Amino acid sequence: MADREQRGGVTPQNGGRMPRPRAWAAPVRAMTRILSVDGTHRDPEAPADAGRSGVVDCALYIDGKRQPGDWTYADALAAARREEHGFVWLGLHQPELDEMSAIADTYGLHELAVEDAVKAEQRPKLERFGDVSFLVLRTARYCEHTELTEHSEVVETGQVMLFIGPNFVISVRHGDACRLSPVRADLETKEELLLHGPWAVAYGITDRVVDLYLEVADKLEDDLDVLEAEVFDRQGRSRIQRIYQMKRELVEFKRAVVPLQRPLLTLTSQGNREVPKEIRRYFRDVQDHLSRTVEQVNSYDDLLNSILQARLAQVTVDQNNDMRKIAAWAAIAAVWTAIAGIYGMNFKYMPELDWAYSYPIVWALMLGFSFALYRWFHRNGWL
């Protein structure tokens, strides 16, 4: 369950909704239930249920400083619009559709973006709805494990959606792959950065997500080194199922990392006038880190393909070795079968039948030929 910052999850009061600020915003569902306004704090580890609120924190920032007090998201937005350098950061964790629709009514969010934010099944993208930008990020976290098996979960993924408007930023988090409380705490110590408004928050969250990518990539490299060593170790052989499981986990991580390149390219573009110039510089630093991660992921993919091909080649070689051993032992057994078959024929007149030493001579021939064949096959690596 998500970590809840103890600043009081707040919800709209009756009649506290602000009028929709933009005429272009498509209609969304009206709020069908009254949310709690008693100001009590929620248990961070409480299980999710149908009646819970998805609001984790609602804060008003003016001139880069967080303002004291507990705010409803409607009151905070109204106060931010009265200030020249004020904005709201509303943090949500897996909100229900009804609650998200009520927030959308207050902040003028498009219904398509709201639907995407609730379902959380989107790939990284950046869309524009009037003066509100909708940024989707896939989050990733490395899952510690003592041993890599064919059922190991190596990478856990989630999503963070950001609505960035002139006076607000709304973060919607799904899953626990990237918690945002540390990001908020860090940004609140950087007042000069927060002076740039909602896009500073978008940068802080994106930077945190990409930093986690780097951590996951570094730890995946360790797992790949272990797999590679096991494949080429003569004392042991890595099962193909383990390699394939690692391949699946890498594909999941790749789906989170690679598509983010296009949104970051748009955010860092010189033609993007929505993002402040200073924040674009910060985003370029994030883009550099993402490029490094993409290069690592692509190289890991190639390396894992090579490891898989090497293991398949080893399986083929092992099968060939087994067939050679079987053929060698079959050749040795054929000597016994041939001699015994000849002297097992029921003919009355056969040479050597009346010799006194026929029996030991036949045994000596069979053992001698078998030993000679064994030495020859062993010297040539068949046995």
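Please read these numbers as outputs of a predicted model, since none were measured by experiment.
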Notebook entry, point to check: Going through the distances and angles, do Asp223 and Tyr142 end up as a side-chain contact (heavy atoms from CB on, under 4.5 Å)?
Noted result: CA-CA 11 Å; Asp223 285 336; Tyr142 182 81; 2.7 Å; yes

Checklist line | Atom pair CZ (Arg66) and CG (Leu187), whose distance is rounded to the nearest 0.5 Å | finding: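 Nearest 0.5 Å value for the CZ-CG distance: 12.0 Å.
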
Next item on the list: To the nearest 0.5 angstrom, please state how far the CD atom of Gln296 sits from the OG1 atom of Thr293.
Entry: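 Gln296 CD to Thr293 OG1: 5.5 Å, rounded to 0.5 Å.
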
Next item on the list: Quick one: closest heavy-atom pair of Ile307 and Leu224, and the distance?
Entry: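 Taking Ile307 first and Leu224 second, the nearest heavy atoms are CD1-O, 4.0 Å.
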
Next item on the list: Please name the pair of heavy atoms, one in Val209 and one in Cys178, separated by the smallest distance, quoted to 0.1 Å.
Entry: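 For Val209 versus Cys178, the nearest heavy atoms are CG2-SG, 4.0 Å.
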
Check: Residues in side chain to side chain donor-acceptor pair (under 3.5 Å) with Asp207, at least two apart?
Finding: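 With neighbours one apart ignored, the set is empty.
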
Note to self: Test: ring-ring contact (aromatic ring centres under 6.0 Å, His included). Region: residues 172-202. Which pairs qualify, not counting sequence neighbours?
What the structure shows: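 Listed by first then second residue: nothing to list.
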
Next item on the list: Check ring-ring contact (aromatic ring centres under 6.0 Å, His included) between His85 and all other residues, then give those that pass, not counting sequence neighbours.
Entry: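 Counting only residues at least two positions away or on another chain, His85 forms no ring-ring contact (aromatic ring centres under 6.0 Å, His included).
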
Checklist line | Tyr107 ring center within less than 6.0 Å of Phe168 ring center | finding: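 Yes, ring centres under 6.0 Å apart.
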
Sequence neighbours excluded and cut-off under 3.5 Å, please list the side-chain donor-acceptor pairs for residues 361-374, or say none.
{"from": "Trp363", "atom 1": "NE1", "to": "Tyr359", "atom 2": "OH", "distance (Å)": "2.8"}
{"from": "Ser370", "atom 1": "OG", "to": "Trp336", "atom 2": "NE1", "distance (Å)": "2.5"}
{"from": "Ser370", "atom 1": "OG", "to": "Met366", "atom 2": "O", "distance (Å)": "2.8"}

Table please: side-chain donor-acceptor pairs of residues 251-259 below 3.5 Å, with sequence neighbours left out.
{"from": "Glu252", "atom 1": "OE2", "to": "Thr157", "atom 2": "OG1", "distance (Å)": "2.8"}
{"from": "Lys254", "atom 1": "NZ", "to": "Asp301", "atom 2": "OD2", "distance (Å)": "3.1"}

Notebook entry, point to check: Which residue pairs satisfy the side chain to side chain donor-acceptor pair (under 3.5 Å) criterion with at least one member in residues 281-292, sequence neighbours excluded?
Noted result: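 Matches after skipping sequence neighbours: Thr268-Gln287, Glu278-Arg281.
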
